[in-house]
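This report refers to the structure that appears directly beneath it.
Predicted model only: the values in this text are computed from it and were never measured. Every chain is numbered from 1, with letters handed out A, B, ... down the list of sequences.
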Amino acid sequence: MVKVRFAPSPTGYLHVGSARTALFNWLFARHEGGQFFLRVEDTDLIRSKPEFLEEIIASLKWLGLNWDNTTLEYQSKRLEKYRAKAEELLQRGVAYKDGEAIIFKVTPGQIISFDDVVHGPVQFNTLDIKDQVLIKSDGMPTYNFACVIDDSDFGITHVIRGDDHISNTPKQILLYQTMNLPIPKFVHIPLILGTDRSRLSKRHGATSIQEYKNAGYLPDAMVNFLSLLGWSPGGDREILPIEEIIKEFDLKRIGKTGAMFDLTKLSWMNSQYLQKMPIEQLLPLAKEALNAHGWLNGTLDPAWVAQVVELYKTRIETVEDFCKQTRGLFTDEIPFDPEAVALRLKQPGVAERLTKYAAKLEALPKWDTAGIEAACRALATELGLKAADLIHPTRVAVTGRSVGPSLFHILEVAGRDRTIPRLKSAASTLCAL
RNA sequence: GGCGCUAUCGUCUAGUGGCCCAGGACGCAUCCCUCUCACGGAUGAAACACGGGUUCGAUUCCCGUUAGCGCUACCA
């Protein structure tokens with residue numbers, strides 16, 4: 001049975017690159033009906049922090065990457081195991097002691113080769129490999145040593161990890177060989193790159209999964225996007241549900257070249273998921289975000305919020321975007337865009353038009369799009385204007401922006417009590433030339 | 001520097017010797033829809049790094065060059 005693992009070290013948040021590694025492991029396990037383990041590599045005493053582990057776990061759960069071990073494995077709890085193994089190597093004379101550290105002797109001139117599942121045959125000469133520290137002076141095992149022992153103990157069949165570990169592989173194989181342990185399959189997946197084609201890091205922008213969650217990206221969109229970085233199901237398909245990704249996932253289809261993290265495409269994909277998401281699912285997310293801004297007071301009618309969401313869902317890329325665009329509807333702080341004000345409000349005759357439209361709207365027997373539109377068109381005809389000459393200033397006066405949904409829908413949703421005062425206020429102040 | 005990995009439109013990629021004067025998607029441009037912006041629809045510009053082989057025929061196989069990246073810790 002296929003057994004894979006994701007082994008983060010709790011020295012930082014979950015990076016999108018690591019998340020993608022976790023995802024590929026998970027996808028492979030689910031496709032094969034195998035097992036996916038989570039192991040904590042907390043052997044760096046100084047940098048490991050419990051709060052980092054909590055964040056990593058929260059991120060994995062948010063992405064939906066569930067693991068099969070019921071209790072988490074911590075390397076810090078297996079110290080005796082590593083020490084015993086190192087001691088054994090010491091007894092056999094293949095390792096030596098330097099102070100408190102135990103170091104593995106590398107015999108030069110041997111060829112170490114392995115058949116990488118994505119790269120094919122790879123070779124190294126031990127001439128280029130230095131003696132390897134097994135146990136550090138502080139008594140903790142090093143990565144390469146603990147990793148080999150653990151992968152072997154837990155029966156890991158496929159080591160799926162980033163390309164940056166290719167040069168660790170011969171060091172680990174040397175250890176497998178001298179301890180007489182079966183060697184797993186190695187699957188080195190291409191790195192995720194920043195805009196300058198160096199590996200994605202903080203200086204390129206947001207790299208933690210939590211940041212994307214907070215910005216209003218959807219986990220399904222994130223998983224879909226990440227799965228397509230370095231892997232493709234072949235053909236033209238791009239937006240696929242997770243079941244489909246699992247079904248199609250195949251290590252043989254993993255590419256060899258680094259993939260740039262394209263935020264623009266992620267955003268597009270997120271907007272696609274947002275649009276297709278049923279309102280029952282989208283509404284709670286919108287409410288949560290609104291609430292985080294302190295804009296959701298308890299008296300708001302849920303049906304009304306749903307109406308606003310429906311109106312904006314085709315023009316947002318993230319949930320945060322939704323908040324940004326609808327701020328004027330949920331608060332009285334209208335985010336006036338200076339350019340829009342200059343172009344649409346500070347123009348001759350606009351104040352008068354807005355005042356007249358306000359009067360017409362005030363007299364409307366019923367507040368609905370049809371009535372709002374009829375009033376607009378009637379007034380435009382009366383004044384000898386195009387409807388657009390009334391529509392544009394009104395949109396800016398009410399929402400502060402020159403862009404957005406159909407004006408008549410906006411006004412209906414904004415309601416008479418917001419619309420009329422805003423039109424009057426704009427007419428008396430903002431329109432001043 | 002040494003060692004290793006990689007090389008198709010700006011980006012993610014399809015392509016495994018002829019189906020490719022290279023297909024899709026994002027982005028970009030134009031048009032349609034239209035009160036603006038989106039959505040949706042249509043069209044367009046845009047790539048096989050270079051040089052040698054192998055072959056009747058190379059994006060696809062081999063070699064080299066160049067370039068990029070990664071590793072080179074008692075970090076993982």
Tell me whether the side-chain N or O atoms of [X] pair up with the base of [N] as donor and acceptor below 3.5 Å, since no angle test is needed here.
X: Thr314(A); N: C39(B); answer: no
X: Ser406(A); N: C35(B); answer: yes
X: Arg315(A); N: C39(B); answer: no
X: Arg395(A); N: C35(B); answer: yes
X: Gln123(A); N: G4(B); answer: no
X: Lys256(A); N: A7(B); answer: no

Out of [options], which nucleotide sits closest to the side chain of [X]?
X: Asp262(A); options: A76(B), U13(B), C26(B); result: C26(B)
X: Val403(A); options: A14(B), G40(B), C37(B); result: C37(B)
X: His392(A); options: U11(B), A25(B), U36(B); result: U36(B)
X: Arg199(A); options: C71(B), U11(B), G4(B); result: C71(B)
X: Ala388(A); options: C35(B), C12(B), G27(B); result: C35(B)
X: Ser198(A); options: G70(B), U72(B), G15(B); result: G70(B)
X: Val133(A); options: C35(B), C5(B), C74(B); result: C74(B)
X: Thr257(A); options: C12(B), C5(B), U6(B); result: U6(B)

At under 4.0 Å, does any side-chain N or O of [X] touch on OP1 or OP2 of [N]?
X: Gln272(A); N: G40(B); result: yes
X: Arg39(A); N: A76(B); result: no
X: Lys136(A); N: A76(B); result: yes
X: Arg197(A); N: U6(B); result: no
X: His165(A); N: C71(B); result: no
X: Arg344(A); N: C37(B); result: no

Roughly, in whole Å, what's the span from [atom1] in [X] to [atom2] in [N]?
X: Gln132(A); N: C71(B); atom1: CD; atom2: P; value: 15 Å
X: Leu134(A); N: A73(B); atom1: CG; atom2: P; value: 16 Å
X: Asp163(A); N: U6(B); atom1: CG; atom2: C1'; value: 8 Å
X: Lys171(A); N: G70(B); atom1: NZ; atom2: C1'; value: 12 Å
X: Leu191(A); N: A7(B); atom1: CG; atom2: P; value: 14 Å
X: Phe52(A); N: C75(B); atom1: CZ; atom2: P; value: 18 Å
X: Phe225(A); N: A25(B); atom1: CZ; atom2: P; value: 17 Å
X: Asp150(A); N: A76(B); atom1: CG; atom2: P; value: 12 Å

Can you tell me how far [atom1] in [N] sits from the matching atom in [M], rounded to whole Å?
N: C48(B); M: A14(B); atom1: C1'; answer: 13 Å
N: C62(B); M: U6(B); atom1: P; answer: 11 Å
N: G68(B); M: U59(B); atom1: P; answer: 25 Å
N: C37(B); M: C75(B); atom1: C1'; answer: 49 Å
N: C69(B); M: C31(B); atom1: C1'; answer: 42 Å
N: U60(B); M: G15(B); atom1: P; answer: 15 Å
N: U66(B); M: G51(B); atom1: P; answer: 15 Å
N: G40(B); M: U34(B); atom1: C1'; answer: 12 Å

Pair assignment for [N], Watson-Crick or G-U wobble, requiring both distances under 3.5 Å:
N: C39(B); answer: none
N: G1(B); answer: U72(B)
N: A58(B); answer: none
N: C50(B); answer: G64(B)
N: G44(B); answer: C28(B)
N: G17(B); answer: none

For [X], answer base if it contacts any base atom (sugar-phosphate contacts may also be present), sugar-phosphate if it contacts only those atoms, and nothing otherwise; contact means non-hydrogen atoms under 4.0 Å.
X: Thr195(A); result: nothing
X: Gly404(A); result: base
X: Ala259(A); result: sugar-phosphate
X: Gln275(A); result: sugar-phosphate
X: Gly230(A); result: sugar-phosphate

On RNA chain B, check which nucleotide each of Gly120(A) and Ser232(A) is closest to and give me the residue with the more 5' one.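 Result of the comparison: Gly120(A).
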Heavy-atom nearest nucleotide on RNA chain B for Ile166(A) versus Glu238(A): which residue maps closer to 5'?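 Here Ile166(A) is the residue nearer the 5' end.
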For Tyr273(A) and Trp268(A), I'd like to know if the aromatic rings sit close, meaning centre-to-centre distance below 6.0 Å.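 Between Tyr273(A) and Trp268(A), the centre distance exceeds or equals 6.0 Å.
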Give the ring-plane orientation class for Trp295(A) versus Phe330(A), where under 30° counts as parallel, over 60° as perpendicular and anything between as tilted.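 Trp295(A) vs Phe330(A) ring planes: parallel.
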Is there side-chain contact between Ile246(A) and Trp26(A), with heavy atoms separated by less than 4.5 Å?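 A side-chain contact under 4.5 Å exists here.
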Before accepting this row, confirm whether a basic side-chain N of the pair [X]/[Y] lies closer than 4.0 Å to the acidic partner's carboxylate O.
X: Arg377(A); Y: Glu373(A); answer: yes
X: Asp153(A); Y: Arg78(A); answer: yes
X: Lys360(A); Y: Glu362(A); answer: no
X: Glu87(A); Y: Arg83(A); answer: no

Using the ring pair (Phe, Tyr, Trp, His ring centres under 6.0 Å) definition, which of the options Phe28(A), Phe249(A), Phe225(A), Phe24(A) pairs with Trp231(A)?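 Answer after filtering Phe28(A), Phe249(A), Phe225(A), Phe24(A): Phe249(A).
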Yes or no on side chain to side chain contact (heavy atoms under 4.5 Å, CB included) for Phe154(A) and Lys3(A), after CA distance, side-chain angles and deciding distance? CA-CA 8 Å; Phe154(A) 299 119; Lys3(A) 288 184 183 171; over 6 Å; no
Determine whether Leu181(A) and Val148(A) satisfy the following criterion, side chain to side chain contact (heavy atoms under 4.5 Å, CB included), listing intermediate values before the conclusion. CA-CA 9 Å; Leu181(A) 302 170; Val148(A) 165; 4.2 Å; yes
